[in-house]
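As the structure lists them, so they are numbered: ligands from 1, and atoms in each ligand from 1.
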Amino acid sequence: MAITAPRGTQDFLPEQTAEWQVLEQKIRQICSLYGFGEIRTPMFESTELFLRGIGETTDVVTKEMYTFNDRGGRSMTLRPENTASVVRAFLEHKLYGDPSVHKFYYMGPMFRHDRPQAGRYRQFTQFGVEEIGSKDPAVDAEIIAMAFQLFHELGLNDLVLHLNSVGCPKCRPIYRQKLLDFFADKKDQLCDDCKARLEKNPLRVLDCKEEGCKRAAIGVPELTDNLCDDCKEHFAKVQEYLTKIGIPFELDPRLVRGLDYYTNTAFEIMYAPLGAQSTVCGGGRYDGLIEEVGGPATPGIGFAIGMERLLLTLKEQGLMPPVPKKRPVFIVALGDASKTQAFALQQQLRSKGMYAEIDLLGRSMKGQMKSANKLNADYTVIIGEEELASGQAQVRNMETKEQVSVPLDRIVAYMETHKKG
Ligand code: ATP
Ligand code: MG
C-alpha cells in the first residue's frame with residue numbers, strides 16, 4: 001500500500017508555497033510597522049508547560065495534544081499553540097529584567113488532534129503576536145488594529161470583530177458564583193462536557209455549541225454587567241480607542257477564554273462564510289499567565305491567526321494576490337562543446353543575479369525552444385556549433401522576436417543592460 005501523508009496534514013507544492021510566501025511577506029511587513037520582532041521557539045516542549053500554560057480543562061489539553069514519551073522517558077508535546085512557549089522563553093531569558101514593552105511575533109506549524117475538515121487540520125500554521133509588559137488598553141487596541149490592517153491590506157473587509165471582557169481575579173470569582181447559582185437547577189440540561197466544566201471552569205459553559213446548553217444559558221447573568229470598576233474602565237477605553245480609529249466591533253458577552261489567568265479583553269475575528277471554521281483570529285489579554293508558569297507578575301496580550309483559514313478566505317473572495325513569476329534567460333545549446341559553454345554562461349548569469357536555465361533532458365533545438373516558452377523565458381541565447389566557431393551567440397528577445405548576434409563574452413553584459421527583472 002502506498003504511504004500517504006498523515007490525516008489532517010497537507011503537502012504544499014512550490015506553486016502553493018509561493019502563495020504562502022506572499023502572505024508571509026505581507027505579515028512581516030505589518031509586524032515591522034508595529035515594532036514586533038520574530039521569535040522562534042521549539043516545535044515541542046515539556047508537556048508540563050502546556051498543562052500549566054493552556055490549562056488542564058481546555059479542549060486543547062484534554063483532547064487535542066500530540067503527547068509522547070521521548071527516549072529518556074520525559075513527556076513531550078508537539079506545540080498546540082505558541083503563547084506558552086513564548087512566555088517560557090521570556091522567563092528563561094529573564095526578559096522581565098528589562099521593563100520595556102516586549103513585542104514578539106511568530107509564524108509556524110502547530111499540532112492538534114482535531115477532526116480534519118476544510119479549515120481544520122492536525123498540523124496547521126499560526127501567525128501570532130504577544131505583547132508583554134504593559135496593562136495599557138492602548139496595547140489591546142493596537143494589536144487588534146494590527147490584525148485589521150493585515151486583513152484590509154489583503155483586501156478583506158467582511159470580517160467581524162467580536163469583543164468581550166472576561167474580568168479579572170477580583171471580579172470573576174463573584175460572577176462565577178452567580179453562574180453556579182444560575183445553573184444549579186439546570187445541570188441535567190447540560191451536555192456531559194459542560195457538567196464537568198461547571199465544576200472546574202463554569203465560564204466555558206457559556207461558550208458551548210450544544211443546543212441544550214445554549215437553551216439552558218438563556219437569561220444567564222452577563223459577565224460584562226458584573227465587572228469591577230478597573231475592568232469596566234479598561235474595557236471602555238479599549239472600545240474608545242477602537243471607535244476612534246474606525247474599527248467596528250460587536251460586543252459578545254458569551255465570548256470567553258475561561259482560564260483564570262485570562263483577564264480583560266477577549267476577542268475573535270470571524271469570516272462567516274467559513275461556517276464552523278469561521279474564526280480566523282482569536283486573542284486576549286493574559287495578565288495572570290506569566291505568574292502561572294512561574295515568573296514575576298507581568299501583563300501580556302496576544303492573538304493568533306490561522307493562516308490556512310486566512311488563505312481559504314482570500315481564495316474564496318478571489319483576493320489571493322498574483323504570485324509574480326521570474327522569467328529566465330534560456331540558453332539553447334546543441335552539441336557537447338556548446339553545452340559546456342551554455343553551462344558556464346548559465347552560471348555567470350546567475351552569479352550576476354539573473355535567472356537562467358539550460359536544457360537538462362538532451363532535447364533537440366525545437367524541444368529546447370519549447371522548454372524556453374514553457375518557462376516563459378524573456379530571452380533565449382542560442383549557442384550552436386556555428387556560433388561556437390564564430391564566438392558569437394544568437395540572442396533572441398522572446399517578446400519582440402528580434403534576434404541579434406552577440407559575442408559570447410559580451411552576453412552577460414548584454415543581459416545586464418537589456419533584461420528586465
Ligand atoms: P476553533 O474554535 O476553530 O477550534 P480555537 O478556539 O481552538 O479554534 P485558537 O486556539 O484560538 O483556536 O487558535 C487561533 C486560531 O488558529 C483559530 O482562530 C483558527 O484560525 C486557527 N486554528 C485553530 N485550530 C485549528 C486547526 N485545527 N486547523 C486550522 N486552524 C486552526
Ligand atoms: Mg479548537
Element-labelled atoms of ligand 1 that are located less than 4.0 Å from some non-hydrogen atom of [X]:
X: Arg112; answer: 5 (P), 7 (O), 9 (P), 10 (O), 12 (O), 13 (O), 23 (C), 24 (N)
X: Ala304; answer: 14 (C), 15 (C)
X: Asp114; answer: 24 (N), 26 (C), 27 (N)
X: Gly119; answer: 28 (N), 29 (C), 30 (N)

Go through it in stages, so that I can follow the logic: the residues are Arg122 and Asp114, the test is salt bridge (Lys or Arg N to Asp or Glu O under 4.0 Å), and I'd like the CA-CA distance, side-chain angles, deciding distance and then a yes or no. CA-CA 6 Å; Arg122 291 184 172 169; Asp114 253 324; over 6 Å; no
Look at [X] together with [Y] and state whether they make a salt bridge at an N to O cut-off of under 4.0 Å.
X: Arg197; Y: Glu199; answer: no
X: Arg285; Y: Asp140; answer: yes
X: Lys26; Y: Glu153; answer: yes

From atom 26 (C) of ligand 1, work out which of Phe303, Phe127, Phe124, Phe111 has a heavy atom at the shortest distance. Phe124
Heavy atom under 4.0 Å from ligand 1: found in [X]'s side chain, backbone, both, or neither?
X: Arg120; answer: both
X: Asp59; answer: neither
X: Glu81; answer: neither
X: Thr279; answer: both

Distance-only N or O hit between ligand 1 and Gln126, under 3.5 Å: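 In this structure, Gln126 places an N or O atom under 3.5 Å from an N or O of ligand 1.
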I need the full list of side chain to side chain donor-acceptor pair (under 3.5 Å) pairs touching residues 179-193, with sequence neighbours left out, sorted by first then second residue.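 Listed by first then second residue: Lys63-Asp193, Gln177-Asp181.
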Under 6.0 Å between ring centres, would you say that holds for Phe303 and Phe127?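 Centroid distance Phe303-Phe127: below 6.0 Å, so yes.
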Can you see whether Tyr105 has Lys103 sitting over its ring - NZ or CZ less than 6.0 Å from the centre and within 45° of the normal? no
Hey, does Arg309 sit under 4.0 Å from ligand 1 if you only count heavy atoms?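 For ligand 1, residue contact (heavy atoms, under 4.0 Å) with Arg309 is present.
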N/O donor to acceptor pairs below 3.5 angstrom from side-chain atoms of residues 342-355, sequence neighbours left out:
unit_1: Gln346; atom_1: OE1; unit_2: Arg350; atom_2: NH2; d: 3.1
unit_1: Gln346; atom_1: OE1; unit_2: Ile358; atom_2: N; d: 3.1
unit_1: Arg350; atom_1: NE; unit_2: Ala356; atom_2: O; d: 3.1
unit_1: Arg350; atom_1: NH2; unit_2: Ala356; atom_2: O; d: 2.9
unit_1: Ser351; atom_1: OG; unit_2: Gln347; atom_2: O; d: 3.3
unit_1: Ser351; atom_1: OG; unit_2: Gln348; atom_2: O; d: 2.9
unit_1: Tyr355; atom_1: OH; unit_2: Glu357; atom_2: OE2; d: 2.8

